[in-house]
Amino acid sequence: MKKIIAIAAVMAFSASMASAELLKNFKYDGSVEVNAYNQNNGDFNKSSDDKTGDVDSRVMINASFDLNNDVNAVVSVVKNNRQYGDASEDANTIQNNLFFEQAYLNLKGVFGMDHKLGRQYYGKAGDLVIYYGPKMWPYPVSMPVSAIDGWTGWYKTGNWDIHAIMANEYNDTTLAKSYDQDSRLSGINASTKIDRFNLNAYYYQKNDKEYSSNYLSLAPSDIKSYLGLFGVRANWESMFLKGLNLGLEYDMNTGKDKTTTAEADYKGYAYKVNADYAMDFMGKLGFNAEYVYLSGQDNSSDVKLFHPINSDYRPGIIGNGFGVLNAYVTAIGDGAKVMDFGVNWTPEKLNKLNLAVSYYNTKVAEKNPGMKDTIGNEYNLVASWNHSENVSVKGYYAMFTPEKDNNGGQDDAQTALGAAFVVKF
């Protein structure tokens, strides 16, 4: 296995480099993930026969090695195309479905900071604003993975961590050069810790260039949208009640949308308030609560709908990626107001087990005429067995109930039942 990974890592950069040097300080890790699930009543009509079931799988391998004393390389290989029951694959098919989602160089200490050059993951899973990487639990269908190509610079001094990014999310060069379509990202992110406070501030700008042969008689290279996003976060560890953590986040859009016949200003915003508390109770008992508001579009000529950069906010098991009926959701309105509560418990005498119950109430921020603002309610039950640091299993059940007054009187619940296995190496 180690030799196979090493050969793949070498090929990702250059077959002409000396393999002996490339394998210096070679390290690798990875995971095999399997998510088996059944869904029922996706159209909210229990009279129709729409029960489905699939088993998704994903293999991820990460490798790193030194090129010299100042530079190391990182490569991540992902395969996630196959569901159980598909035909077996020959070597050519497997090769065609192995994707190098990461392939970057890390230049250490150049100008006093580290530089990552190439295709890379960025951000934290579950982030409301920006995340490029593997979609983690709760797993969406097909377990997708994304990455971004570019440069990130990383600097640390004292309690401060600062990094910046300049990258391309998308680039289409199939047209003539002046007609290229692309999506470019830049930004800066700073965080620090002061006593019991963790503080974070950031700004990102995403420039989208689109091609259209008939847009206000402008040249195609002038058709652009500039989406900016300012954000701040604060987390506090309580000194008065041990185990209590409080969090607050606020994000605001800036920039201009030029994709329509009249350009408009981006004026969307979002905020999140969250709290969690852990205590000893025949083991470990935890509580969590969160409220998220994502602005919607009103009658203004400005763009009031909140636009993240590349969000990974996915509340609930069904709402996270199994999804609710798109036509039903869009008929109600846009934006979102999500309130959730959860309780989890790890028994003292069975500390490999964790039981979790959670509830999500989802509404739109701006409802359409004649509709109610409630999208629906979701209930999740998850039992996790952490056999070891490298092996874990989850069993789960989820139920989503729609607002019947928005659905022609139908309020039949959508359900999902499944099991997820993770093996790390």
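Between K267 and D302 there is a salt bridge, since a side-chain N of the basic residue sits under 4.0 Å from a carboxylate O of the acidic one. Ion pairing between K337 and E366 fails under the 4.0 Å rule for side-chain N and carboxylate O.
Defined by atom type and a distance below 3.5 Å, a donor-acceptor pair is present between the side-chain atoms of N200 and R233. In this structure, a donor-acceptor pair under 3.5 Å is absent between the side chains of Q39 and D54. D66 and N25 share a side-chain donor-acceptor pair at under 3.5 Å. Side chain to side chain, Y328 and D43 fail the donor-acceptor criterion of an N or O pair below 3.5 Å. Side chains of Q414 and N41: no donor on one and acceptor on the other come within 3.5 Å. One side chain, N106 or N72, offers a donor N or O that lies under 3.5 Å from an acceptor on the other. Checking E378 against N380 by side-chain atom types alone, a donor-acceptor pair falls below 3.5 Å. Counting only N and O atoms by type, the side chains of D29 and N62 include a donor and acceptor under 3.5 Å apart. Counted by atom type alone, D208 and S183 present one or more donor-acceptor pairs between their side chains at under 3.5 Å. Under the 3.5 Å distance criterion, with hydrogens and angles disregarded, no donor-acceptor pair is assigned to the side chains of K304 and S295. Side chains of N207 and Q205: a donor on one and an acceptor on the other come within 3.5 Å. Side-chain polar atoms of T93 and N96 form no donor-acceptor pair below 3.5 angstrom.
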Residue pair N361, N377: steps toward the side chain to side chain donor-acceptor pair (under 3.5 Å) verdict:
CA-CA 5 Å; N361 172 263; N377 299 284; 2.7 Å; yes

Determine, step by step, whether D334 and Q297 satisfy the side chain to side chain donor-acceptor pair (under 3.5 Å) criterion, reporting the C-alpha distance in whole Å, the side-chain angles of both residues, the deciding distance to 0.1 Å, and the verdict.
CA-CA 7 Å; D334 60 20; Q297 185 65 40; over 6 Å; no

Yes or no on side chain to side chain contact (heavy atoms under 4.5 Å, CB included) for Y291 and N274, after CA distance, side-chain angles and deciding distance?
CA-CA 6 Å; Y291 179 78; N274 60 280; over 6 Å; no

Worked check of ring pair (Phe, Tyr, Trp, His ring centres under 6.0 Å) between Y203 and F230
CA-CA 5 Å; Y203 174 74; F230 288 100; 4.4 Å; yes

Under the side chain to side chain contact (heavy atoms under 4.5 Å, CB included) rule, what do I332 and M371 come out as? Steps first, then yes or no, please.
CA-CA 6 Å; I332 299 170; M371 310 297 285; 4.0 Å; yes

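A 4.5 Å side-chain heavy-atom check between N80 and D56 finds every atom pair outside the cut-off. Using a 4.5 Å cut-off on side-chain heavy atoms (C-beta onward), L107 and L105 make contact. Looking only at side-chain heavy atoms (C-beta outward), Y139 and R58 come within less than 4.5 Å of each other. Taking 4.5 Å as the limit, every side-chain heavy atom of R119 sits out of range of all side-chain heavy atoms of Q102. Side-chain contact between N406 and K404 is absent, with no heavy atoms from C-beta onward closer than 4.5 Å.
To the nearest 0.5 Å, the span separating CE on M113 from OG1 on T152 amounts to 8.5 Å. Residue S57 holds its OG atom at 7.0 Å from CZ of R82, rounded to the nearest 0.5 Å. With rounding to the nearest 0.5 angstrom, the CZ atom of F99 is 5.5 Å from the CG atom of N97.
Of the candidates Y204, Y122, Y170, L185 forms a side-chain contact (heavy atoms from CB on, under 4.5 Å) with just one, namely Y204. Tested against H163 for a ring pair (Phe, Tyr, Trp, His ring centres under 6.0 Å), the candidates Y155, Y202, W154 yield a single pass: W154.
Atom CZ of R184 sits in a sparse spot, with 12 or fewer heavy atoms from other residues, nucleotides or ligands closer than 6.0 Å. The number of heavy-atom neighbours closer than 6.0 Å to NZ of K27, taken from other residues, nucleotides and ligands shown, is 12 or below. Within a 6.0 Å sphere centred on CG of N326, heavy atoms belonging to other residues, nucleotides or ligands number 12 at most. Counting non-hydrogen atoms of neighbouring residues, nucleotides and ligands closer than 6.0 angstrom, the NZ atom of K51 reaches no more than 12 such neighbours.
Pairs passing the side-chain hydrogen bond (donor to acceptor under 3.5 Å, both in side chains) check and including a residue from residues 341-355, sequence neighbours excluded, read N344-N354, T346-N354.
The aromatic rings of F44 and F400 lie tilted to each other, with the angle between the two planes from 30° to 60°. Relative orientation of the W151 and H115 rings is tilted, given thresholds of 30° and 60° on the angle between their planes. Taking the six-membered ring where tryptophan is involved, the planes of Y271 and Y269 are essentially parallel, since the angle between them stays under 30° and well short of 60°.
Between Y266 and H307, the distance from one ring center to the other falls under 6.0 angstrom. Checked against the 6.0 Å centroid threshold, W137 and Y396 count as a close aromatic pair. For Y132 and Y121, the gap between ring centers reaches or exceeds 6.0 Å.
Scanning all heavy atoms of the two residues, the minimum distance from S392 to N386 falls at CB-OD1, 3.6 Å. Residues V34 and M143 come closest through the heavy atom pair C-CE, 3.9 Å.
D405 is linked by a side chain to side chain contact (heavy atoms under 4.5 Å, CB included) to K372, E403, counting only residues two or more places apart in sequence or in another chain.
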